[in-house]
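Shown next, in structure tokens, is the structure this report addresses.
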Amino acid sequence: MSKINEKINIKTLVANKNIIPDYFDNDIVIIDNIQELAETNTARMEMNTIAVCLKGKIQGKMGEMELTLSENQVVICPPNVILTDIMASPDISIKAIFFTNNILQSFLHEKINLWNDMMYKHKMHTIVIKDSEMGFMQHFYEMLTICIKHQEHNPYRTEVIQSLLRSAFIGLMG
């Protein structure tokens with residue numbers, strides 16, 4: 001990735017030779033460890049992003065808001081936000097899910113107003129995961145990984161993955 005104002009969307013993530021997505025379709029990209037984001041100085045995220053920091057620390061600006069993300073924290077980034085001044089510790093480990101507004105609307109239907117309130121009205125972009133919830137998140141991600149890596153020939157694989165993600169998004173709003 002270049003170090004200048006880069007537009008990051010589904011197509012650019014999948015096309016980047018330095019990033020190996022674990023899963024992608026037209027609306028979703030899942031990346032198990034996105035070190036590349038930590039090496040980008042300025043980027044415009046053109047899709048929604050949920051990133052979980054498992055290890056290390058990353059800081060920068062999300063729009064005008066200062067952002068620090070460390071172990072057991074989740075950041076939720078709405079689309080068209082510019083990330084700047086990104087610095088990360090050498091041991092950074094981040095799992096990320098990138099998704100379009102279309103799939104978000106599809107997942108949340110009548111609950112989309114709750115999501116919008118959380119993102120825009122309350123500006124709740126960083127969530128600390130309690131130890132008790134971290135176990136749930138790890139098991140959720142393990143189940144998602146099993147579907148991604150071991151269900152490649154299942155004709156309903158995309159639907160299963162999307163159902164798991166829908167459940168996780170509703171859980172984040174709770």
Side-chain angles (χ1 to χ4, degrees), residues 7-14 19 21-34 37 43-54 58 60-65 67-83 94-152 154-174:
K7 293 181 179 180
I8 300 176
N9 57 39
I10 300 279
K11 289 179 184 174
T12 59
L13 276 173
V14 172
I19 296 176
D22 293 276
Y23 173 83
F24 67 91
D25 60 32
N26 290 330
D27 292 301
I28 300 167
V29 176
I30 299 173
I31 301 173
D32 199 37
N33 193 354
I34 187 149
L37 183 62
R44 176 183 294 275
M45 304 303 292
E46 293 190 332
M47 70 227 126
N48 297 281
T49 305
I50 298 176
V52 179
C53 182
L54 301 176
I58 189 167
K61 285 185 177 179
M62 190 167 78
E64 295 300 315
M65 184 173 62
L67 175 70
T68 300
L69 190 64
S70 54
E71 190 173 329
N72 291 355
Q73 288 187 323
V74 175
V75 66
I76 304 170
C77 181
N80 299 312
V81 168
I82 297 175
L83 300 176
I94 298 175
K95 295 182 184 292
I97 300 172
F98 304 90
F99 51 98
T100 64
N101 278 336
N102 289 340
I103 201 74
L104 182 63
Q105 185 78 32
S106 167
F107 285 169
L108 299 182
H109 303 289
E110 71 284 347
K111 293 175 182 65
I112 196 70
N113 289 335
L114 294 172
W115 179 270
N116 290 335
D117 281 352
M118 182 176 78
M119 293 305 300
Y120 301 107
K121 184 177 174 186
H122 301 293
K123 298 188 190 271
M124 195 170 121
H125 299 296
T126 305
I127 301 168
V128 177
I129 302 172
K130 299 174 191 158
D131 287 339
S132 60
E133 295 169 334
M134 195 60 183
F136 170 80
M137 293 294 282
Q138 288 172 334
H139 289 304
F140 164 79
Y141 204 82
E142 286 170 15
M143 188 154 52
L144 187 60
T145 301
I146 289 169
C147 290
I148 290 169
K149 294 184 178 182
H150 302 291
Q151 295 287 310
E152 292 175 14
N154 182 340
Y156 305 108
R157 176 180 180 227
T158 298
E159 290 177 65
V160 171
I161 290 168
Q162 289 181 358
S163 295
L164 286 169
L165 290 173
R166 179 182 187 276
S167 298
F169 291 175
I170 291 171
L172 275 174
M173 293 187 311

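Keep in mind that the numbers below use all heavy atoms, side chains included, and drop hydrogens, waters and symmetry copies.
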The criterion is side chain to side chain contact (heavy atoms under 4.5 Å, CB included); which residues satisfy it with [X], sequence neighbours excluded?
X	result
Ala168	Phe140
Asn26	none
Ile146	His150
Lys61	Glu66, Thr84, Asp85

Within the structure provided, determine whether [X] and [Y] are in side-chain contact (heavy-atom separation under 4.5 Å).
X	Y	value
Tyr141	Asp32	yes
Phe169	Lys111	no
Asn80	Glu46	yes
Met47	Val29	no

What heavy-atom pair brings [X] and [Y] nearest, and what distance separates the two atoms?
X	Y	result
Met62	Leu83	CG-CD2, 3.7 Å
Thr68	Gln73	O-OE1, 3.4 Å
Asn9	Lys11	OD1-N, 3.0 Å
Ser70	Cys53	O-CB, 3.4 Å
Ile112	Gln105	CG1-OE1, 3.6 Å
Val81	Gly63	CG1-N, 3.7 Å

Please list, one pair per line, the donor and acceptor atoms closer than 3.5 Å that link side chains of residues 160-167 to other protein atoms, with sequence neighbours excluded.
residue : atom : partner : partner atom : Å
Ser163  : OG   : Glu159  : O            : 2.9
Arg166  : NE   : Phe107  : O            : 2.5
Ser167  : OG   : Ser163  : O            : 3.1

Interatomic spacing from [atom1] in [X] to [atom2] in [Y] - rounded to 0.5 Å:
X	Y	atom1	atom2	value
Phe98	Cys77	CZ	SG	9.0 Å
Ile50	Ile30	CD1	CD1	10.5 Å
Leu104	His109	CG	NE2	10.5 Å
Ile97	Ile31	CD1	CD1	10.5 Å
Leu108	Asn113	CG	CG	10.0 Å
Ile82	Ile8	CD1	CD1	11.5 Å

The salt bridge (Lys or Arg N to Asp or Glu O under 4.0 Å) partners of Asp22 (sequence neighbours excluded) come to none
Take a 6.0 Å sphere around CD of Glu152 and say whether it holds more than 12 heavy atoms from other residues, nucleotides or ligands. yes
Out of Thr100, Thr158, Asn101, which one pairs with Asp27 under the side chain to side chain contact (heavy atoms under 4.5 Å, CB included) rule?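 Going through Thr100, Thr158, Asn101 one by one, the side chain to side chain contact (heavy atoms under 4.5 Å, CB included) with Asp27 is satisfied by Thr100 alone.
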Give the ring-plane orientation class for Phe99 versus Trp115, where under 30° counts as parallel, over 60° as perpendicular and anything between as tilted. perpendicular
